[in-house]
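See structure below.
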Amino acid sequence: MFRVTTMVGEAEKLEKGEVGVAAKPGIPQKDGKKIDYAADFFGRQAFLTVSGQLQLETCACAVGDVYTFGPSFRAEHSHTSRHLAEFWMVEPEIVDADIQDVMNWAEAYVKYMSQWLIDKCCDDMELMADKGCIDRLRMVASTPFERISYTEAVKILEEAVKGGKKFDNKVEWGIDLASEHERFLTENEFQKPVIVYNYPKGIKAFYMRLNDDSKTVAAMDVLVPKVGELIGGSQREERYEVIKERILEMGLPLKPYEWYLDLRRFGTVKHSGFGLGFEQCCCLRPALTTLETLFPSQDTQEEQICN
Ligand SMILES: NC(=O)C[C@H](N)C(=O)O
C-alpha cells in the first residue's frame with residue numbers, strides 16, 4: 001500500500017541550482033550555486049532516505065498505528081564501531097500517543113525482544129556470545145529503565161567532570177550528548193538502560209513537539225549498555241503554526257514540506273514514534289561489539305550508491 005520514495009523532483013531542482021543552496025552552510029558548491037557532488041559524502045549524487053518517518057506520519061494519520069522496517073542512510077563514516085552509512089531501522093508511528101506513551105512503547109519493545117531472544121535463542125547465544133551477553137539481556141528484559149530529562153543528564157555529567165572524570169567531548173547544556181556521555185550514563189551511572197527526554201530544541205529536528213518552556217522538545221533517546229543510543233523518537237509537533245515557525249527557524253524552505261504541513265493544516269491528531277537501529281539492537285546481543293563485524297557486506301561510504 002505504501003512505499004517510501006525519495007523526492008527526486010526536489011533533488012533535480014537542487015542539482016540545477018533552482019533551490020537556493022548558497023544559503024546552506026556545509027553543502028559543497030560549484031559555479032556559485034550548483035551542488036558539487038564530487039565533494040559530497042558519497043563522491044557523487046545519491047538518492048537515499050534517512051528515515052521514512054514523515055511519510056509514515058501520513059499513513060498513521062489515515063489508518064492508525066503503522067511501522068516500517070527498511071534501509072536508512074546517514075552521511076556518517078563507517079570507520080568507527082558505532083556508525084554505518086547504511087543501516088536498517090524499525091520505525092513505528094503511533095496515533096493518540098504522547099512522549100510518555102512513546103517511552104513506554106519503546107521500553108516495552110526492547111524488553112520484549114530481549115525476552116524473546118532469551119526464550120528462543122539461548123543455546124545459540126551460549127555458543128557464540130560473550131559471557132555477559134545473556135545476563136545483559138536478562139537485565140534489560142527485567143529491569144525498569146531509568147528515565148531522566150536531558151537537563152538532569154547534563155547535571156550528572158557535569159558532576160562527574162567535577163569529580164575527575166575526563167570526557168573527550170564538552171559537556172554543556174545545549175550541546176548534544178556524545179557517545180561517551182551516553183555510555184557513561186547507562187554503563188557507569190545507572191548500570192541499566194536509560195531514557196533521556198526533553199532535549200534542547202536547537203539540537204533536535206523541527207518535527208519534535210515544542211514543550212511549554214519553549215526551550216526543549218518532547219524527544220527521547222533510549223540508551224543501553226555496550227551500545228549507547230538504541231532508539232531515538234519523539235512526540236510529533238501537531239500544531240500548524242508552531243511547526244511552520246520551527247521549519248523557518250531552522251532555515252529550511254517551507255515548499256518541500258507543504259504536503260507534510262497539510263497533515264496539520266486540515267486537522268490532526270496527537271501522534272508519536274521512534275526509530276530503532278536494527279544493527280545497534282543486534283550489538284546488544286552477541287559478542288559482536290562493532291557494527292562492521294555484524295554485517296560483512298554492509299555498505300560504506302565508498303560502496304554505497306543507489307542509482
Ligand atoms: N522514526 C523516528 O522517530 C526516527 C527518526 N526520524 C530518525 O531518523 O532517527
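We count ligands from 1, going down the list as the structure has it; atoms in each ligand are counted the same way.
Taking the charged nitrogens against the carboxylate oxygens, E238 and R236 have no contact shorter than 4.0 Å, which rules out a salt bridge. Salt bridge E152/K155: absent, no basic N to carboxylate O contact under 4.0 Å.
Residues forming a ring pair (Phe, Tyr, Trp, His ring centres under 6.0 Å) with F184 (at least two apart in sequence, or on another chain): F167. Not counting sequence neighbours, E241 has no partner by the salt bridge (charged side-chain N to carboxylate O under 4.0 Å, His left out) test. Listed by chain and residue number, R265, F266 satisfy the side-chain contact (heavy atoms from CB on, under 4.5 Å) test with D262 (two or more places apart in sequence, or in another chain).
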Need the list: ligand 1 N/O atoms against protein N/O atoms, distance under 3.5 Å, rounded to one decimal.
unit_1	atom_1	unit_2	atom_2	d
ligand 1	1 (N)	E91	OE2	2.6
ligand 1	1 (N)	F274	O	3.4
ligand 1	3 (O)	R236	NH1	3.4
ligand 1	3 (O)	R236	NH2	3.1
ligand 1	6 (N)	S51	OG	3.2
ligand 1	6 (N)	Q53	OE1	2.6
ligand 1	6 (N)	Y207	OH	3.2
ligand 1	8 (O)	R74	NH2	3.0
ligand 1	9 (O)	R74	NH2	3.2

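Ring geometry, F206 versus Y260: the interplanar angle exceeds 60°, so the pair is classed perpendicular (tilted spans 30 to 60°).
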